[in-house]
Participant: 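Sending over a structure as structure tokens; questions will come in a sec.
All of these numbers come straight from a predicted model, not from anything done at the bench.
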Amino acid sequence: EVQLVESGGGLVQAGGSLRLSCTASGFTFDDYNIGWFRQAPGKEREGVSCISGGDGSTYYTDSVEGRFTISMDNAKNTVYLQMNSLKPEDTAVYYCAAREGLFRIWALYTLRLWSNWGQGTQVTVSS
């Protein structure tokens with residue numbers, strides 16, 4: 001069974017850091033892209049960052065560029081999202097998902113292209 005499981009969320013003060021993990025089972029990353037998404041209360045789910053399992057290419061949306069870092073550990077079948085300089089507006093449930101195929105930046109903005117969504121992990125940033 002293909003599955004993604006997120007972990008690492010929590011409560012942190014503004015300016016603090018968290019590292020989220022997305023661990024896969026049932027498949028390997030080689031032919032997949034892994035994306036991180038978030039959904040704040042009352043808002044639509046949005047893409048945050050993605051990484052290619054093939055060549056490690058990465059992309060960040062403007063809202064997190066320079067503060068978040070996505071990385072992949074193939075041996076552990078895990079993708080990480082290191083979040084630094086957190087802001088209250090980063091508060092959301094964070095999800096990871098997979099998309100098979102070539103790495104395409106525009107795909108991060110089209111949620112229907114992604115599958116195997118995890119259950120999400122809550123990130124709360126207090127001011």
Participant: Does any part of the side chain of Val123, heavy atoms only, come nearer than 4.5 Å to the side chain of Met83, both counted from C-beta?
Facilitator: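 They are in side-chain contact.
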
Participant: Is it the case that the side chain of Thr110 and the backbone of Arg112 share a donor-acceptor pair, with hydrogens and angles ignored and the cut-off at 3.5 Å?
Facilitator: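 No; judged by distance alone, with no hydrogens or angles, the pair does not exist.
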
Participant: Disulfide bond (SG atoms under 2.5 Å apart): which pairs involve residues 92-127, sequence neighbours left out?
Facilitator: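 Matches after skipping sequence neighbours: Cys22-Cys96.
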
Participant: With sequence neighbours excluded, what pairs up with Thr58 under the side chain to side chain donor-acceptor pair (under 3.5 Å) test?
Facilitator: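 Result, side chain to side chain donor-acceptor pair (under 3.5 Å) vs Thr58: none returned.
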
Participant: Is it the case that the side chain of Asp73 and the backbone of Lys76 share a donor-acceptor pair, with hydrogens and angles ignored and the cut-off at 3.5 Å?
Facilitator: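 Confirmed, Asp73 side chain pairs with Lys76 backbone.
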
Participant: Which heavy atom of Asn116 sits nearest a heavy atom of Leu4, and at what distance?
Facilitator: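 Minimum heavy-atom contact is O-CD1, 3.1 Å.
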
Participant: I'd like to check Tyr59 versus Ile70 (side-chain heavy atoms, cut-off strictly below 4.5 Å). Are they in contact?
Facilitator: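 A side-chain contact under 4.5 Å is absent here.
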
Participant: With Glu100, which residues qualify under side chain to side chain donor-acceptor pair (under 3.5 Å), at least two apart?
Facilitator: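 Side chain to side chain donor-acceptor pair (under 3.5 Å) check on Glu100 returns nothing, list empty.
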
Participant: Under 3.5 Å, which donor-acceptor pairs link side chains of residues 24-35 to any protein atom two or more places apart or in another chain?
Facilitator:
unit_1: Asn33; atom_1: ND2; unit_2: Arg99; atom_2: O; d: 3.2
unit_1: Asn33; atom_1: ND2; unit_2: Gly101; atom_2: O; d: 3.0
unit_1: Asn33; atom_1: ND2; unit_2: Leu102; atom_2: O; d: 3.4

Participant: Just wondering, do Leu108 and Thr61 contact through their side chains at under 4.5 Å, heavy atoms?
Facilitator: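 Yes. Closest side-chain heavy atoms under 4.5 Å.
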
Participant: Within the structure provided, determine whether Ser7 and Thr121 are in side-chain contact (heavy-atom separation under 4.5 Å).
Facilitator: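 SC-SC contact between Ser7 and Thr121 ruled out.
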
Participant: Applying disulfide bond (SG atoms under 2.5 Å apart), name anything that partners Cys50, two or more places apart in sequence or on another chain.
Facilitator: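 Expected list: none.
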
Participant: Quick check: is Trp36 connected to Tyr95 through a chain of hydrophobic side chains (ILVMFWY, heavy atoms under 4.5 Å apart)?
Facilitator: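 No; Trp36 is not reachable from Tyr95 via cluster members.
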
Participant: Side chain to side chain donor-acceptor pair (under 3.5 Å) with Thr91: which residues, sequence neighbours excluded?
Facilitator: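 Thr91 satisfies side chain to side chain donor-acceptor pair (under 3.5 Å) with no residue once adjacent residues are dropped.
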
Participant: Is a side-chain N or O of Glu46 found less than 3.5 angstrom from the main chain of Gln39, in a donor-acceptor match?
Facilitator: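 No: the side chain of Glu46 does not pair with the backbone of Gln39.
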
Participant: Tell me, please, which residues at least two apart from Arg19 pass salt bridge (charged side-chain N to carboxylate O under 4.0 Å, His left out).
Facilitator: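 Scan of Arg19 (salt bridge (charged side-chain N to carboxylate O under 4.0 Å, His left out), adjacent residues dropped) gives none.
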
Participant: Between Ser21 (side chain) and Gly8 (backbone), is there a donor-acceptor pair under 3.5 Å?
Facilitator: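 Such a contact is absent between Ser21 side chain and Gly8 backbone.
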
Participant: For Tyr80, which fellow cluster members are found when Ile, Leu, Val, Met, Phe, Trp and Tyr are connected by side-chain heavy-atom distances below 4.5 angstrom, either directly or through intermediates?
Facilitator: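 ILVMFWY cluster around Tyr80 holds nothing else.
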
Participant: Could you tell me the separation between the CD atom of Glu6 and the CG atom of Leu20, rounded to the nearest 0.5 Å?
Facilitator: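 One gets 8.5 Å once the value is rounded to the nearest 0.5 Å.
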
Participant: Which residues satisfy the side chain to side chain donor-acceptor pair (under 3.5 Å) test with Tyr94, sequence neighbours excluded?
Facilitator: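 Tyr94 satisfies side chain to side chain donor-acceptor pair (under 3.5 Å) with Arg38 once adjacent residues are dropped.
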
Participant: List the atom of Ala14, the atom of Ser127, and the distance in Å for their closest heavy-atom pair.
Facilitator: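 So the minimum-distance heavy-atom pair works out to CB-CA, 4.4 Å.
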
Participant: Any side-chain heavy atom of Val12 within less than 4.5 Å of one from Thr124?
Facilitator: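 In short, these two side chains do not touch, never coming nearer than 4.5 Å.
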
Participant: Apply side-chain contact (heavy atoms from CB on, under 4.5 Å) to Thr69 and list each qualifying residue two or more places apart in sequence or on a separate chain.
Facilitator: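 Thr69: side-chain contact (heavy atoms from CB on, under 4.5 Å) contacts with Tyr60, Gln82.
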
Participant: Go through the steps for Arg45 and Leu111 under the test side chain to side chain contact (heavy atoms under 4.5 Å, CB included), then give the verdict.
Facilitator: CA-CA 8 Å; Arg45 192 172 300 188; Leu111 270 61; 3.5 Å; yes

Participant: Filter on ring pair (Phe, Tyr, Trp, His ring centres under 6.0 Å), then keep only pairs touching residues 102-127, sequence neighbours left out; what's left?
Facilitator: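 Passing the test, one end in residues 102-127: Phe37-Trp114, Phe37-Trp117.
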
Participant: Assigning hydrophobic clusters by single linkage (Ile, Leu, Val, Met, Phe, Trp, Tyr; side-chain heavy-atom cutoff under 4.5 Å), is Ile105 placed with Met72?
Facilitator: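 Shared cluster, no.
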
Participant: Apply side chain to side chain contact (heavy atoms under 4.5 Å, CB included) to the pair Gln119 and Val5, showing each step before the final yes or no.
Facilitator: CA-CA 7 Å; Gln119 84 289 347; Val5 178; 4.0 Å; yes

Participant: Only pairs at least two apart or in different chains count here, so list each salt bridge (Lys or Arg N to Asp or Glu O under 4.0 Å) that has a residue in residues 48-68.
Facilitator: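 Residue pairs with at least one partner in residues 48-68: Arg67-Asp90.
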
Participant: At their closest point, which heavy atom of Ala40 faces which heavy atom of Ala92, and how far apart are they?
Facilitator: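 What the structure gives for the nearest pair is N-CB, 3.7 Å.
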
Participant: Compare every heavy atom of Ser17 with every heavy atom of Ser85, then report the nearest pair and how far apart it is.
Facilitator: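 Closest approach of Ser85 to Ser17: N-OG, 4.4 Å.
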
Participant: Give, for atom CD1 of Ile51 and atom OG of Ser57, the distance between the pair rounded to the nearest 0.5 Å.
Facilitator: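 Here the interatomic distance stands at 8.5 Å.
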
